[in-house]
Every structure is written in C-alpha cells, then in structure tokens.
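Counting starts at 1 for both ligands and their atoms, following the listed order.
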Amino acid sequence: MKTTISRLKSHIDQTVTIGAWLSNKRSSGKIAFLQLRDGTGFVQGVVVKAEVAEDIWTTAKGLTQETSLYVTGKVQQDDRSQTGVELVVTDVKVIHEAVDYPITPKEHGTEFLMDNRHLWLRSKRQHAIMKVRNEIIHSMYEFFHMNEFIKVDPPILTGSSAEGTTTLFHTKYFDEDAYLSQSGQLYMEAAAMALGKVFSFGPTFRAEKSKTRRHLIEFWMIEPEMAFVEHEESLEIQEQFVSHVVQTVLERCKLELTVLGRDLSKLENVKAPFPRISYDDAITLLKDKGFDDIEWGEDFGAPHETAIAESFDKPVFITNYPKEIKAFYMKPHPERDDVVLCADLIAPEGYGEIIGGSQRIDDLELMKARYEEHGLTDDAYRWYLELRQFGSVPHSGFGLGLERTVAWITGAEHVRETIPFPRLLNRLYP
Ligand code: 4AD
Ligand code: MG
C-alpha cells in the first residue's frame, strides 16, 4: 500500500511503500540507516543485511544523497524518533540517482546556500520554516473567515503609488507608465465600502535599497480593511488576530518549532491584550534607556524598536506617530494636529515592526488638502477621492508583513529564510 511519511503512524505493523528522497545515510557492514524525506516529513528506514535479499542490501549501501526512491517496509513504533515510527525496509527501488548533490551534511556558507536555494529548500530546517509559513497563512485565512471578512484581490500593476514614490518599481504598461504594487491598501478601502470587512493577501514590491535582516524587495502582505471601525477597535482586532495565529501555530506546528529549536514559552505568552505605548512615551522611554540623540519627530530605526520591545514581554503597539513621518491618508488625532491615529505593532525579541496600520481620513476636504501637501494631484487618484464623496464612513485597516511574522515565530535570524525564493538587494537568482 502506498502512503506518505505523515501517515505512517496509522499503519503500525503494516507493510507500506513510500516515495522518498534519501537525505542522509549511515551504514556499517550489517545495517544501514536511511534518513528519508518525502515532503510530508522525515523518517528513518532501517535495512538489515541479514533480512533482505542481497541486491537490495547492495542498492541500499550504495545510495547517494538526494537519490529518489520507492521504499517498501514494515512500519514500527519507535518512541525515540521525532515522528514516532521507523520503517524496517524490505525493498528499495531507485527512481533516479542523484550524483554529487552540492549541499552535504557539513556546514556551508550563506551565499552558497542562497545560490542553491532551489535545493536548500529540501533541508530539514527550511522544510520546517516553510511548514510554519504555510500554517501561518492558513490560520490567517481561518481568522478572517471566522470573523466574516471577505477576501478581495487588489491589482499588482497600478497606475500610481500608495505609500510614496521613492520605492516604486517602474514598468511600461503598453504606452503608459505602471508600477508594481507596494500595498493594496487604497484598493482595499474601495473594497471595504462595497463589502464591509475585507482582507487581501498578495505580493508587494519595494524598490528599497535596504540591506537588513528585515527587508525584502518582494514580500507578502496581508491587508485587512474595515468600514465603520475606528482606531482603537482596529487595535483590538489586530491583537486578536496575532494571538490566534501564534496560538494556532503553537498547537499545529510543535514538531517544526522543535526542529527549529524555538523557545516555545516566549510564544505561549503571546495572548491578547497587547500593551500600547504612545510615540511620545516611546521617545521618553528611549531617552531613559540612553538613546540621547533621538528627537521627537524622528522615525524609529531597528535598534529603537528593539529597545522598546525589550520593555514588554508581548508584542507592543506604538501609537500616534507624528504625521510628518507617516502616510498622507492617516486620520489626524481628534485632540492634536501633530500626530495621527495609527499604530505599528512591534514583535518581541528584536524582530521589529510586523504590522503598520491606521484609521484613514474620511473627510473629503481634508483628504484633498493632504493631496496638495503631498503633490498628489495626479488624475490616477480621482477614484480614491470619490470614496470620500459618496457615503464616506470611518474606516481603518492594517498591513502585516508575512515574512517578518514567519521570522519571529520560527526564530529565523533573517527574512531570507522565510520565503521560498527571496528577492534581496543583490539577489534575483534562483
Ligand atoms: O508599514 P507598511 O509600509 O504599511 C503599508 O504598506 C500599509 N499600506 C498597510 C495597510 O495599512 N494596509 O508595511 C506593512 C508591513 C510592515 O509592518 C512590515 O511587516 C512589512 O509590511 N514590510 C516589509 N517586510 C519585508 N520587507 C520589506 N521591505 C517590508 N516593508 C514592509
Ligand atoms: Mg510601516
């Protein structure tokens, strides 16, 4: 019977066949241990010379790393192994022999591994990260469906920018100019006026010359947008959302998090409500922590975010930033003209900003004024202004960066490991 490694546990004492690759092998004169993987998991196959036909023993002994196989054997319970089972091999058929697989069990440098990303993905650690990424996406969709959000897909080719013009990828759209989307937000605002609560999930592009462990050129963002939802209500939804994702991953990806050596107690603690600190208080906190040169009005860099996060044992919202350092569409604070109704959610342990969000300006005249201040007279935005002209309502939304969230939950040092094929400042291959 043909099955997969993930299902072996329900075939104890039965003989089954799996399609697999050999990830590693140890053998002596009498016994060979085959480390097998099939995408669903990893399992050890044991070949005992005295118990198999001679040609099978010879094949097993000669197997090279990443050779593809059909392996038949009897499933045996084994409490010492991570998967709980072992396969006592009775037959091995080579599908395709791999010769000189470049990624050996020894240590390799990062650049080498990145050049071989198409193969590196097969390793146990990368496999675990991709499984967690998948579960994060799944649990996000689950949360939004449970809460009656409708998924809407904004365009990727756009005629204008959402966040500012400096980080746009330009391309030609026949005779017109077009840009790759840096956020679907403006379109999601239109969608919220049609469908109430909406979310999108898709790739976004930032032509940013940043070379940090938190920046990708192409990354995936989840962008909810909610009609009739004000700033504070939006924060409550965000903390519920992030708690749901983290607790679900903890429950469903224990094995992967263990493979990754993640400190689970840190994640167990991630439950709503999350602390909030105003930008003003964050400046004071930073000054108390010895950041003497930060002044009110400046944006926070990675060291600042890390220092603020260290004061809390959960993700923390930094609210009400100065309007000068935030996007044009953010609603001013009702009692203060110098700050806006926004929040960034900073992950613990130095992973930085994972969410940026705000209440949006809903007043047509104010939005028009902001347009002029930002030199956005472009006809390409006419439709966005019309959202404020026909039944405008208070609304809020946010964007969560998937890769930074995966990095935080898996404990990965750098976002390059959290996306299958990272696009980085100096990397477009493979
Ligand atoms: O803070 P950002 O730029 O917000 C927006 O784009 C809003 N329009 C979202 C919205 O309100 N609908 O980006 C949101 C998140 C950040 O918090 C971060 O997690 C991630 O996207 N992000 C990046 N991730 C990887 N590489 C980059 N270069 C990123 N830039 C932003
Ligand atoms: Mg931001």
Side-chain angles (χ1 to χ4, degrees), residues 133 136 140 144 149 152 154 158 160-169 179-192 197-226 229 231 234-235 237-238 241-242 245 279 299-302 304-305 309 315-319 321-322 325-331 340-347 351-361 384 395-409 412 414-419 422-425 427:
R133 180 184 166 107
I136 292 173
M140 285 177 172
F144 288 120
F149 284 66
V152 171
T158 64
S160 55
S161 84
E163 300 287 319
T165 49
T166 51
T167 61
L168 284 174
F169 272 104
Y179 306 92
L180 297 184
S181 173
Q182 57 192 172
S183 162
Q185 181 195 321
L186 307 193
Y187 294 96
M188 296 309 287
E189 288 185 52
K197 290 193 289 183
V198 293
F199 75 103
S200 66
F201 178 57
T204 44
F205 306 86
R206 305 264 168 110
E208 243 176 313
K209 297 255 156 87
S210 305
K211 201 178 172 182
T212 78
R213 63 192 193 90
R214 297 174 182 178
H215 285 89
L216 290 160
I217 304 301
E218 177 181 311
F219 68 96
W220 286 66
M221 186 159 40
I222 196 131
E223 293 190 276
E225 194 69 35
M226 304 158 286
V229 168
H231 178 56
S234 175
L235 298 190
I237 291 165
Q238 292 173 47
F241 168 53
V242 172
V245 170
Y279 172 89
D299 207 356
F300 297 138
H304 304 120
E305 287 177 355
V316 53
F317 287 111
I318 306 179
T319 64
Y321 281 73
I325 54 172
K326 287 294 179 189
F328 70 90
Y329 49 69
M330 294 189 182
K331 191 179 171 89
V340 286
L341 294 177
C342 72
D344 284 356
L345 183 66
I346 312 299
Y351 287 93
E353 179 200 324
I354 52 170
I355 291 183
S358 67
Q359 184 165 347
R360 325 303 192 187
I361 292 175
Y384 187 64
H395 62 288
S396 305
F398 61 95
L400 174 138
L402 178 67
E403 288 77 16
R404 288 193 194 171
T405 306
V406 177
W408 165 44
I409 295 178
H414 196 296
V415 287
R416 66 184 162 222
E417 283 189 82
T418 64
I419 184 164
R423 298 295 172 240
L424 299 164
L425 193 51
R427 179 168 295 280

Worksheet, complete the sentence: Note: Glu403, heavy atoms under 4.0 Å from ligand 1, region reported as neither
Discussion item. As an exercise, state the distance from OG of Ser200 to CE of Met221, rounded to the nearest 0.5 Å.
Written reply: 7.5 Å
Item to complete: Look up atom CD in Gln238 and atom CG in Leu345, then write down how far apart they are to the nearest 0.5 Å.
Response: 7.0 Å
Practice prompt. Could you tell me whether Gly357 and ligand 1 have an N or O pair separated by under 3.5 Å?
Written response: no
Worksheet item: To the nearest 0.5 Å, what is the distance between CG (Leu168) and CG (Leu180)?
Response: 8.5 Å
Response to the item:
Quick note on ligand 1: atoms under 4.0 Å from a heavy atom of Arg214 include exactly 25 (C), 26 (N)
Practice prompt. Tell me whether the centres of the aromatic rings in Phe144 and Phe241 are closer together than 6.0 Å.
Written response: yes
Fill in: ligand 1 contacted by Trp220 (non-hydrogen, < 4.0 Å)
no
Fill in: Region of Ile355 that comes within reach of ligand 1 [heavy atoms, distance under 4.0 Å]
backbone
Worksheet item: Relative to each other, are the rings of Phe328 and Tyr384 parallel, tilted or perpendicular (30° and 60° limits)?
Response: perpendicular
Fill in: Note, Gln359 side chain near Ser234 side chain (heavy atom, < 4.5 Å)
no
Fill in: Closest to atom 27 (C) of ligand 1 among Ile217, Thr418, Leu216, Leu345 (heavy-atom distance)
Leu216
Item to complete: Ignoring angles and geometry beyond distance, decide whether Glu353 reaches within less than 3.5 Å of ligand 1 through its nitrogen or oxygen atoms.
Response: yes
Fill in: Polar atom proximity, Gln182 to ligand 1 (N or O, under 3.5 Å)
no
Discussion item. I'd like to check the salt bridge (charged side-chain N to carboxylate O under 4.0 Å, His left out) partners of Glu218; sequence neighbours left out, ordered by chain and number.
Written reply: none
Worksheet item: Where does Phe219 meet ligand 1, judged by heavy-atom distances below 4.0 Å: at the side chain, the backbone, both, or neither?
Response: side chain
Discussion item. Testing the basics here: between Leu424 and His215, what is the closest heavy-atom pair and its distance to 0.1 Å?
Written reply: CD2-O, 3.8 Å
Practice prompt. Mind checking the CZ-CG spacing from Arg404 to Leu216? Nearest 0.5 Å is all I need.
Written response: 8.5 Å
Worksheet entry | Proximity to ligand 1 by part of Arg360, non-hydrogen separation under 4.0 Å | side chain
Worksheet item: Taking atom CG of Asp299 and atom OH of Tyr279, what is their separation to the nearest 0.5 Å?
Response: 7.0 Å
Discussion item. Checking contacts here: is it the side chain or the backbone of Trp408 that comes within 4.0 Å of ligand 1, counting heavy atoms only? Could be both or neither.
Written reply: neither
Item to complete: Report, in ascending order of atom number, the atoms of ligand 1 lying under 4.0 Å from any heavy atom of Glu208.
Response: 28 (N)
Discussion item. Using a plain distance cutoff, I'd like to know if Arg206 has any nitrogen or oxygen under 3.5 Å from a nitrogen or oxygen of ligand 1.
Written reply: yes
Worksheet, complete the sentence: ligand 1 to Ser183, heavy atom cutoff 4.0 Å, flagged ligand atoms 6 (O), 8 (N)
Worksheet entry | Residue Tyr329 vicinity, atoms of ligand 1 by number, heavy atom under 4.0 Å | 7 (C), 8 (N)
Item to complete: Measuring from the Mg ion (ligand 2), count protein N/O/S atoms under 2.8 Å, please.
Response: 1
Worksheet item: Quick one: is the NZ or CZ of Arg423 closer than 6.0 Å to the six-membered ring centre of Phe219, and within 45° of its axis?
Response: no
Worksheet item: Does even one non-hydrogen atom of Glu225 get within less than 4.0 Å of ligand 1?
Response: no
Worksheet item: Based purely on interatomic distance, does Ile354 place a nitrogen or oxygen under 3.5 Å from a nitrogen or oxygen of ligand 1?
Response: yes
Fill in: side chain to side chain contact (heavy atoms under 4.5 Å, CB included) involving Lys209 - partner list, sequence neighbours excluded
Leu425
Worksheet item: Between atom CD1 of Ile222 and atom CZ of Phe199, what is the distance when rounded to the nearest 0.5 Å?
Response: 5.5 Å
Item to complete: State the atoms of ligand 1, each with its element, that fall below the 4.0 Å cut-off from a heavy-atom position in Phe398.
Response: 10 (C), 11 (O), 12 (N)
Item to complete: Could you pull out all residues at least two apart from Ser358 that satisfy side chain to side chain contact (heavy atoms under 4.5 Å, CB included)?
Response: Tyr329, Met330, Cys342, Arg360
